[in-house]
Participant: 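Once you've had a glance at the structure underneath, I'll fire off some questions.
Heads up: numbering here begins at 1 and tracks the sequence. Side-chain atoms are counted along with the backbone in the values below, which use heavy atoms only and exclude waters and symmetry mates.
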Amino acid sequence: MKSHAPGEVWLAQKDGRIYGLEGGKIDLNARLGQKVRLTGYVLPEGKEEAAEDAQKEDNAGKRETADFRVRMLKMISKSCRHSD
């Protein structure tokens, strides 16, 4: 889902954790709705950033857990929908 920060999208996991994906030169918004494999690392939160992130919420009141810096992206499928 789109984030409020430019160049960042949010990844919401089933357990409720939300990661702010930062793509740098990789255009993550162009990959919304696609199934992709990401490689990267979780960015450590400083005290100021942790306080700011506690303020970040989406429209449903969910809060971002941490930031994830994307280093590589591989497209798996043009759709993330499952066919049963």
Participant: So which heavy atom on Leu28 is nearest to which on Leu21, and how close?
Facilitator: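 In terms of heavy atoms, the two residues are closest at CD1-O, 3.4 Å.
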Participant: To the nearest 0.5 Å, what is the distance between NZ (Lys78) and CZ (Arg31)?
Facilitator: 9.0 Å
Participant: Hey, does the side chain of Thr65 reach the backbone of Ile18 with a donor-acceptor pair shorter than 3.5 angstrom?
Facilitator: yes
Participant: Can you name the nearest heavy-atom pair linking Met75 to Gln34, along with the distance?
Facilitator: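 Residues Met75 and Gln34, closest heavy atoms: SD-OE1, 3.3 Å.
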Participant: Under the rule for salt bridge (charged side-chain N to carboxylate O under 4.0 Å, His left out), what residues qualify as partners of Arg69, not counting sequence neighbours?
Facilitator: Glu22
Participant: Looking only at heavy atoms, which two atoms of Phe68 and Leu38 are closest? And how far apart?
Facilitator: CE2-CB, 4.3 Å
